[in-house]
Amino acid sequence: MSAMWTVKVVCLGVVALSLSVELLGWLLHRLRPKRTRTEVLFFPSEMVCLEHIFAPSSPQSCCCSLPHGVETSFTRLVRCILSASSSLDVCVFAFSNMDLCKAVLTLRCRGVTIRVLCDKDYAAIHGSQIGVLRRAGICARCDVGSVYMHHKFAVVDNRLLITGSLNWTMTAVQSNKENVIVTEDPHLVGPFLKEFQRLWLHSDAAQYFHLSYPKPADKPTTPSTDKP
């Protein structure tokens with residue numbers, strides 16, 4: 001009889017130990033600080049085919065002359081942009097890169113909410129993609145300030161920040177020495193979201209027109225010269 005009790009006690013002890021180890025592992029996992037995503041990209045970047053990124057499920061293979069299946073700084077940047085599932089806020093000095101425009105238009109087709117803010121002088125230059133975005137129904141505003149809107153950043157889903165020296169142009173991607181930082185650090189994402197919202201509201205054309213051209217005051221009433 002005592003032997004059976006001994007076996008039961010040992011079994012219960014083994015079960016308790018197993019549960020304790022499992023619970024301890026769960027607690028350590030919960031208490032372990034989560035690693036935030038941080039990535040650094042450098043340019044210029046080798047130009048490669050992007051069709052497998054824009055259409056990964058397409059059965060047809062691309063026959064262009066560019067290298068295929070090669071990961072570069074630019075392909076990683078495009079992947080970051082295409083990772084948006086709910087929103088994309090873009091604030092750039094110049095936007096003329098057609099591949100980046102295609103990425104934004106792809107998100108538009110997926111139902112992602114997109115806001116684009118750019119410098120007013122560079123929105124109308126030859127090759128600017130701002131008109132293309134607007135014709136696709138994307139809300140794109142131009143900064144109304146008297147100085148250059150020289151920012152180059154984007155925020156994906158209010159959680160992923162893309163920022164650095166890179167203008168969204170072909171020259172910047174292919175020819176210039178540039179850098180881009182991609183991070184999910186909320187201490188960095190937060191201030192950029194706040195700055196974008198401030199600039200976005202400030203660039204409301206209707207509000208700017210109202211502030212710049214106030215409604216004329218009512219004309220003073222001219223006394224009547226008619227005799228009673």
Side-chain angles (χ1 to χ4, degrees), residues 40-47 50 54 72-82 84 87-109 112-156 158 160-183 188-189 191-213:
V40 178
L41 308 176
F42 291 108
F43 294 82
S45 176
E46 177 189 0
M47 295 311 297
L50 301 177
F54 289 117
T72 66
S73 292
F74 189 56
T75 60
R76 291 197 290 273
L77 174 61
V78 173
R79 288 185 189 279
C80 289
I81 295 170
L82 289 175
S87 66
L88 174 69
D89 291 332
V90 179
C91 185
V92 289
F93 178 58
F95 192 157
S96 61
N97 188 291
M98 290 186 289
D99 287 323
L100 293 178
C101 181
K102 184 177 180 179
V104 176
L105 293 176
T106 299
L107 294 178
R108 165 72 175 173
C109 294
V112 174
T113 300
I114 301 168
R115 298 185 295 177
V116 177
L117 182 62
C118 65
D119 184 79
K120 63 181 184 299
D121 293 331
Y122 277 75
I125 65 171
H126 178 70
S128 172
Q129 297 298 299
I130 298 302
V132 177
L133 298 178
R134 285 173 172 165
R135 287 191 292 273
I138 294 173
C139 189
R141 293 181 180 177
C142 296
D143 184 75
V144 296
S146 58
V147 297
Y148 283 133
M149 200 295 297
H150 216 241
H151 287 305
K152 296 104 176 175
F153 71 87
V155 181
V156 175
N158 294 330
L160 181 67
L161 171 66
I162 304 170
T163 187
S165 66
L166 186 81
N167 274 310
W168 286 26
T169 66
M170 192 63 71
T171 299
V173 171
Q174 293 186 356
S175 305
N176 294 350
K177 292 181 174 64
E178 310 275 4
N179 67 82
V180 168
I181 294 176
V182 180
T183 180
L188 298 176
V189 176
F192 277 89
L193 277 173
K194 185 177 180 180
E195 175 66 3
F196 184 91
Q197 188 64 20
R198 184 187 71 83
L199 293 173
W200 185 257
L201 294 176
H202 180 69
S203 301
D204 185 342
Q207 180 182 6
Y208 180 72
F209 182 84
H210 175 73
L211 294 174
S212 301
Y213 304 95

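These numbers were taken from a predicted model, which means no experiment stands behind them.
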Under 3.5 Å donor-acceptor pairs involving side-chain atoms of residues 116-124, not counting sequence neighbours:
unit_1, atom_1, unit_2, atom_2, d
D119, OD1, M149, N, 2.8
D119, OD2, D121, N, 3.0
D119, OD2, Y122, N, 3.4
K120, NZ, G145, O, 2.4

[atom1]-[atom2] distance between [X] and [Y], expressed to the nearest 0.5 angstrom:
X	Y	atom1	atom2	result
F43	N176	CZ	CG	11.0 Å
W168	S128	CH2	OG	13.0 Å
L166	K177	CG	NZ	14.0 Å
L88	L82	CG	CG	9.5 Å
T75	M47	OG1	CE	10.0 Å

Do [X] and [Y] come within less than 4.5 Å of each other through their side chains, counting heavy atoms only?
X	Y	answer
L160	V189	no
S87	N158	yes
F196	V155	no

(Q) By the definition side chain to side chain contact (heavy atoms under 4.5 Å, CB included), identify the one residue from T72, L77, N97, N167 that meets it with V173. (A)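 Going through the options one by one, the only one that passes is N97.
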Q | Non-neighbouring partners of Y148 that pass ring-ring contact (aromatic ring centres under 6.0 Å, His included), sequence neighbours left out | A |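 With neighbours one apart ignored, the set is F93.
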Q.
Please enumerate all residues that pass ring-ring contact (aromatic ring centres under 6.0 Å, His included) together with F74, with sequence neighbours excluded.
A.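 Per chain and number, F74 pairs via ring-ring contact (aromatic ring centres under 6.0 Å, His included) with no residue.
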Q: Looking only at non-hydrogen atoms, find the nearest pair between D143 and S203 and report the distance.
A: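 Scanning both residues completely, I find the closest heavy atoms to be CA-OG, 3.5 Å.
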Q. Do you know the tightest heavy-atom contact between C80 and I162?
A.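 The pair with the smallest heavy-atom distance is CB-CD1, 3.9 Å.
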Going by side chain to side chain donor-acceptor pair (under 3.5 Å), name the residues that satisfy it together with [X], two or more places apart in sequence or in a different chain.
X	answer
R134	none
T163	none
R108	none
Q174	none

**Q.** Non-neighbouring partners of R79 that pass salt bridge (charged side-chain N to carboxylate O under 4.0 Å, His left out), sequence neighbours left out
**A.**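 So R79 forms a salt bridge (charged side-chain N to carboxylate O under 4.0 Å, His left out) with E71.
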Q: Taking S165 for its side chain and E178 for its backbone only, find out whether a donor-acceptor pair lies under 3.5 Å.
A: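 Not confirmed, S165 side chain does not pair with E178 backbone.
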Do any side-chain atoms of residues 98-106 form donor-acceptor pairs under 3.5 angstrom with protein atoms, and if so which ones, sequence neighbours left out?
unit_1, atom_1, unit_2, atom_2, d
K102, NZ, E51, OE2, 3.1
T106, OG1, K102, O, 2.7

Q: Check the pair R115, D89 against side-chain contact (heavy atoms from CB on, under 4.5 Å), reporting the backbone distance first and the verdict last.
A: CA-CA 5 Å; R115 298 185 295 177; D89 291 332; 3.0 Å; yes
Pairing residues for [X] by the side-chain contact (heavy atoms from CB on, under 4.5 Å) criterion, not counting sequence neighbours:
X	result
S175	T171
E195	H151, R198, L199
L188	L161, T183, D185

